[in-house]
Asks: 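Supplied in structure tokens, the structure appears directly below.
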Amino acid sequence: MDAIDSLLRRADEDGVKVFGVTPTVLPGRGIGMVATRDLDKGDVIMNIPVQAIRSLHTVPEDISRRLSRDMSIHGLLAAELALRRGAAADWASIAPQWTDFEATMPMLWPEELQSVLPAEAKSLLTKQCSRFEIDWKMFSDGFPDQLRRDYLYAWLLVNTRTFYFETPSMVAFPWHDRLALLPVADLFNHADTGCSVSFSTEAYDITADRPYCAGDEILTSYGEHSNDFLLAEYGFVLRENQHDKLCLDDVILPRLTPGQKSELKGHGYLGDFMLHAGSKRSDNIWVALRLLSCVNADWQSYVDGEEDEDGTLEKAAEQLPHLFEEYLCRSEETLGFIRALQVGKACQRNLLVQRWEQIQAIIRQWVEDQASAE
Ligand SMILES: C[S@@+](CC[C@H](N)C(=O)[O-])C[C@H]1O[C@@H](n2cnc3c(N)ncnc32)[C@H](O)[C@@H]1O
């Protein structure tokens, strides 16, 4: 494909080195990186020098000068992309288009579909939308003639394609906003484990995590993300995901009294009631379940994850089967509701159905594991 060839040529001129892999169109996942020869574990497959990275430090002065000093790095990178699409024409021609984002990114779905996202994805979407509105306000103040849709498209490109990057001046930004665009490296798709990505002050290196055969797709890991996170932030879910989690907010929050909610909130434990194989006793979910099942709240022992005299940890665990049962019922109702809906696109509804079916499978697995542990 011409655009890929010229993207690679241009990246090469910027010093990007690619060894034994090449971008390839893959059905259902856009472009991905595929091995062109057998690779050994430890082989460096890509090296991206700092001068090729698009970051806070490379946003042109004539753009940043018209924007608020408080603008996020995400917002600044999106501003450059929106205003300078022509400057990266090869990249723009192979990047996902608006219709791709419409199909996959919940941020662009009809409200009715957004309202039936699982709790974690919904809460991430709310945060994402408010971050976007702040950036859009600053962008439109600086560039009043620009269209919201063009900026949103650029913002979603940044959302789905950036890498964590840190320089001394970027430390002033929240960690989730320390972002940079890495040419060609942004064509790797994600798996729950993948090639390692390391960066130093000079370069990023991507290194094979195991042997690969010519023709294999080479994946990196964007992080230890649940499928709700991947859905909200990247517009897909993995079939197999060792980092997947069950968010029980929908069934725990309604059980809490206003007083218990403010108690939890005051201590930073309200919401994000996540259950997963690595859950710790001091995680929000266990603190909330202990509060629900005990008479006197001894916060420190909860927070430390310790068992107390009343055996509240045990009592807290006894609530799980009821929560699972209720969540299964609710998910069944939600699935029925989504299947009957006519709004939005079939691919959007299918993605929702896929995610809810995964949630049901996780619950059933927990129930099975608990039964076999007894
Ligand atoms: C950094 S880009 C990767 C390159 C992208 N496939 C492309 O065509 O430009 C991230 C996007 O790729 C897609 N993606 C990444 N990993 C995927 C996977 N395992 N399954 C399906 N889509 C994936 C999602 O659309 C995601 O938002």
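Atom set for the values below is all heavy atoms of this structure, side chains included, hydrogens, waters and symmetry mates excluded. Counting starts at 1 for both ligands and their atoms, in listed order.
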Asks: Only heavy atoms of Y222, strictly under 4.0 Å: list the atoms of ligand 1 that pass.
Replies: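 Near Y222, the atoms of ligand 1 are 1 (C), 2 (S), 3 (C), 10 (C), 15 (C), 16 (N).
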Asks: Judged by modelled atom types alone, do S140 and Q146 share a side-chain donor-acceptor pair under 3.5 Å?
Replies: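 No, no side-chain donor-acceptor pair sits under 3.5 Å.
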Asks: Where is the nearest protein heavy atom to atom 19 (N) of ligand 1: which residue, which atom, and how far?
Replies: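 Looking at atom 19 (N) of ligand 1, the protein heavy atom closest to it is H190 O, 2.9 Å.
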Asks: List in chain and number order the residues that pass salt bridge (Lys or Arg N to Asp or Glu O under 4.0 Å) with D135, two or more places apart in sequence or in another chain; answer none if no residue qualifies.
Replies: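 Residues passing salt bridge (Lys or Arg N to Asp or Glu O under 4.0 Å) with D135: none at all.
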Asks: What atoms of ligand 1 come closer than 4.0 angstrom to any heavy atom of L238?
Replies: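 Taking each heavy atom of L238 in turn, ligand 1 has 19 (N) under 4.0 Å.
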Asks: Of the protein's non-hydrogen atoms, which lies at the shortest distance from atom 14 (N) of ligand 1, and what is that distance?
Replies: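 In this structure, atom 14 (N) of ligand 1 has N189 OD1, 3.2 Å as its nearest protein heavy atom.
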Asks: Between F173 and L56, is any pair of side-chain heavy atoms under 4.5 Å apart?
Replies: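 F173 reaches L56 side chain to side chain.
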Asks: State the atoms of ligand 1, each with its element, that fall below the 4.0 Å cut-off from a heavy-atom position in D186.
Replies: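 Listed by number with element: 1 (C), 2 (S), 3 (C), 4 (C).
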Asks: List the steps, then state whether side-chain hydrogen bond (donor to acceptor under 3.5 Å, both in side chains) holds for T167 with H57.
Replies: CA-CA 9 Å; T167 59; H57 309 289; 2.7 Å; yes
Asks: Return the closest protein heavy atom for atom 20 (N) of ligand 1 as residue, atom name and distance.
Replies: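 Protein heavy atom with the smallest distance to atom 20 (N) of ligand 1: F236 CD1, 3.5 Å.
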Asks: Look at atom 9 (O) of ligand 1 and say which protein heavy atom is nearest, naming residue and atom and giving the distance to 0.1 Å.
Replies: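 Nearest neighbour among protein heavy atoms for atom 9 (O) of ligand 1, to 0.1 Å: R161 NH2, 2.7 Å.
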Asks: Any side-chain donor paired with an acceptor under 3.5 Å for D14 and Q51?
Replies: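 Looking only at side-chain atoms, Q51 and D14 do not form any donor-acceptor pair under 3.5 Å.
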Asks: Answer with side chain, backbone, both or neither: which part of Y234 has a heavy atom less than 4.0 angstrom from an atom of ligand 1?
Replies: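 Contact part for Y234 vs ligand 1: both backbone and side chain.
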Asks: Just jot down the ligand 1 atoms closer than 4.0 angstrom to any heavy atom of G30, in number order.
Replies: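 Near G30, meaning under 4.0 Å from one of its heavy atoms, ligand 1 has 8 (O).
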Asks: Measuring only between side-chain heavy atoms, which start at C-beta, is L275 closer than 4.5 Å to L320?
Replies: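 Yes, their side chains come closer than 4.5 Å.
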Asks: If we only count N/O pairs under 3.5 Å, is I31 in contact with ligand 1?
Replies: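 Yes; the residue has a nitrogen or oxygen that sits under 3.5 Å from a nitrogen or oxygen of the ligand.
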Asks: Quick one: side-chain contact (heavy atoms from CB on, under 4.5 Å) partners of H322, sequence neighbours excluded?
Replies: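 By the side-chain contact (heavy atoms from CB on, under 4.5 Å) rule, H322 matches R255.
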Asks: Which of the numbered atoms in ligand 1 are under 4.0 angstrom from any heavy atom belonging to L187?
Replies: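 That gives atoms 4 (C), 9 (O) of ligand 1.
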Asks: Are any of the N or O atoms of T160 closer than 3.5 Å to those of ligand 1?
Replies: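 So ligand 1 has no N or O lying under 3.5 Å from an N or O of T160.
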Asks: Please evaluate residues Q242 and E224 with respect to the criterion side-chain hydrogen bond (donor to acceptor under 3.5 Å, both in side chains), reporting the C-alpha separation (whole Å), side-chain torsions for both, the decisive distance (0.1 Å), and the verdict.
Replies: CA-CA 8 Å; Q242 62 174 313; E224 295 184 356; over 6 Å; no
